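Read the structure below first, then the notes.
Because the structure is a prediction, the values reported are computed rather than measured. All residue numbers in this chain count up from 1 along the given sequence. Counting convention: from 1, in listed order, for ligands and their atoms alike. The figures that follow rest on heavy atoms only: side chains count, while hydrogens, waters and symmetry mates do not.
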Amino acid sequence: MKTIGVLTSGGDAPGMNAAIRAVVRTAIFNNMKVLGVKRGYNGLIHGEIDEMDVASVGDIVHRGGTILRTARCQEFKTPEGQKMALDMINHFGIEGMVVIGGDGSFRGAQVLSRMGVPSVAIPGTIDNDIACSDFSIGFDTAVNTVLDAINKIRDTITSHGRANIIQVMGRNAGDIALYAGVGGGAENIIVPEIPFDVDDICNRLLEGKKRGKLSQIIVLAEGVGNASEFAKIIEAKTGIEIRETILGHIQRGGNPTSFDRILASRMGAHAVGLLRDGIGNRVVCIRNNSIIDEDIEKALSMTKEFDKELYALSKVLSI
Ligand code: ADP
Ligand code: F6P
């Protein structure tokens, strides 16, 4: 394969730029041409496509967001949109595609592969909800952003002797809540994967207060519900003064951590290696610190394992 395309799709994630850089530079190193597609599948349909050279990805390894921009594209879910994209791919001479995004974007890569354009998907989402991969690009940075917020909130609530419920992103996954909760020493972590009991949470807060805890933090995954509603219920049941914090899109931005930059670099290079060898319809994953790849169909049918051991540990450490 001599000419490949690369796009980012779905929600952006810190480290996507490092992945784009790795794709472009690995391809050029292997004497391949790379075309950058703007705004996800929209750019494929409407021909927003430009060649990327070595310099085009300079000065981006450390930047959040995605220089290719990103989008959600309903049109690409239709046969008409897919046909337009295929025509454009043929027009530009693209022989294979790298798609960086979440599982929705992977379905798009699967469609491209089925249409005869070998495509390789790279997990880029802060949610860490890609079942075949231990980690996705952007997750570690998002967790560190939440940790920074927890540290700051801890300062003020300690001064006031309050509790705070911090709502974090993750869509239907509780990984951001779990990792940030354990790292931040949260007293309670509420995630969609584990059933919870509000009375149990209230009892733990009351116990903590009894033994003199000056601050108590509850990390709530957005997939469970809204922080304001939880705050009202908990304050009414315990009498403990509680504030809520909804961190929102701050979790999607910022300079990627070293972990995300290195993960993105390894995954981008692996994706190009597959296409160079004419292999498509794969998802690049990291498992036990090895970069491997999986059939897209199989990857999409897998269920993400929630780390119940880490969750159990959080309960022990927050007594
Ligand atoms: P993410 O990739 O973060 O999971 P989405 O689920 O919004 O985000 O998907 C991103 C884009 O991938 C969609 O807007 C659409 O363009 C494409 N996509 C999603 N599902 C399909 C599908 N079944 N067929 C073709 N394209 C799809
Ligand atoms: O998938 C990434 C994510 O940030 C989720 O955690 C969140 O639920 C969603 O995207 C927010 O989407 P939007 O950027 O469309 O508000």
Side-chain angles (χ1 to χ4, degrees), residues 5-16 19 37-46 48 64-66 68-86 88-89 97-115 117 119-133 135-143 145-146 166-180 191-192 219-227 246-254 260 281 283-284 296-297 299-302 304:
V6 56
L7 62 79
T8 48
S9 166
D12 65 324
M16 278 185 165
V37 180
K38 295 267 165 63
R39 297 194 307 114
Y41 293 105
N42 285 298
L44 262 192
I45 293 175
H46 301 290
E48 296 167 45
T66 157
L68 289 175
R69 304 189 55 212
T70 187
R72 298 193 168 99
C73 173
Q74 286 307 317
E75 210 178 350
F76 190 68
K77 292 187 179 173
T78 66
E80 298 74 30
Q82 290 165 9
K83 165 84 175 56
M84 284 169 76
L86 185 61
M88 208 53 86
I89 282 170
M97 280 296 303
V98 178
V99 170
I100 307 165
D103 56 359
S105 305
F106 291 7
R107 290 185 197 283
Q110 190 179 28
V111 167
L112 289 174
S113 292
R114 281 187 185 144
M115 291 194 301
V117 184
S119 298
V120 176
I122 295 179
T125 165
I126 63 165
D127 300 337
N128 206 34
D129 58 354
I130 303 299
C132 65
S133 192
F135 297 106
S136 58
I137 297 165
F139 169 67
D140 185 64
T141 307
V143 167
T145 300
V146 176
I166 304 172
Q167 182 181 317
V168 301
M169 280 187 167
R171 212 179 284 264
N172 301 313
D175 279 29
I176 296 179
L178 175 65
Y179 278 69
V191 291
V219 179
L220 169 73
E222 65 175 358
V224 179
N226 182 275
I246 298 175
L247 288 178
H249 287 81
I250 193 170
Q251 295 160 93
R252 284 245 295 268
D260 278 330
N281 205 36
V283 176
V284 180
I296 295 190
E297 188 126 0
L300 287 170
S301 69
M302 290 165 77
K304 179 88 183 166

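- The closest protein non-hydrogen atom to atom 9 (C) of ligand 2 is Arg171 NH2, 3.8 Å.
- Distance check: Ile126 CD1 to Ser136 OG gives 9.0 Å after rounding to the nearest 0.5 Å.
- Counting atoms of ligand 2 from 1 in the listed order, those under 4.0 Å from a heavy atom of His249 are 13 (P), 14 (O), 16 (O).
- Distances shorter than 4.0 angstrom occur between a heavy atom of Gly170 and an atom of ligand 2.
- Going from atom CD1 of Ile100 over to atom CE of Met16 covers 6.5 Å, rounded to the nearest 0.5 Å.
- If you look at ligand 1, the protein residues with a non-hydrogen atom under 4.0 Å away are Ser9, Gly10, Gly11, Tyr41, Arg72, Cys73, Phe76, Lys77, Gly102, Asp103, Gly104, Ser105, Arg107, Gly108, Val111.
- For the atom pair CE (Met115) and CD (Gln110), the distance works out to 11.5 Å, reported to the nearest 0.5 Å.
- Aromatic ring orientation, Tyr41 versus Phe76: parallel (interplanar angle below 30°, classes split at 30° and 60°).
- Given atom 15 (O) of ligand 2, the protein heavy atom at minimum distance is Arg72 NH1, 2.9 Å.
- The closest side-chain heavy-atom distance from Thr125 to Arg171 is not below 4.5 Å.
- Annotation for Cys73 and Ile45: closest pair SG-CD1, 3.8 Å, computed over non-hydrogen atoms.
- Atoms CG and CG, on Asp127 and Asp175 in that order, are 9.0 Å from each other to the nearest 0.5 Å.
- In terms of protein heavy-atom proximity, atom 5 (C) of ligand 2 is nearest to Asp127 OD1, 3.4 Å.
- Heavy-atom proximity to atom 8 (O) of ligand 2, evaluated over Glu222, Gln251, Arg252, is greatest for Glu222.
- Taking both residues in full, the closest heavy atoms of Ile176 and Val143 are given as CA-CG2, 4.3 Å, listed atom of the first, atom of the second, then distance.
- A donor-acceptor pair under 3.5 Å is formed between the side chain of Thr70 and the backbone N or O of Gly10.
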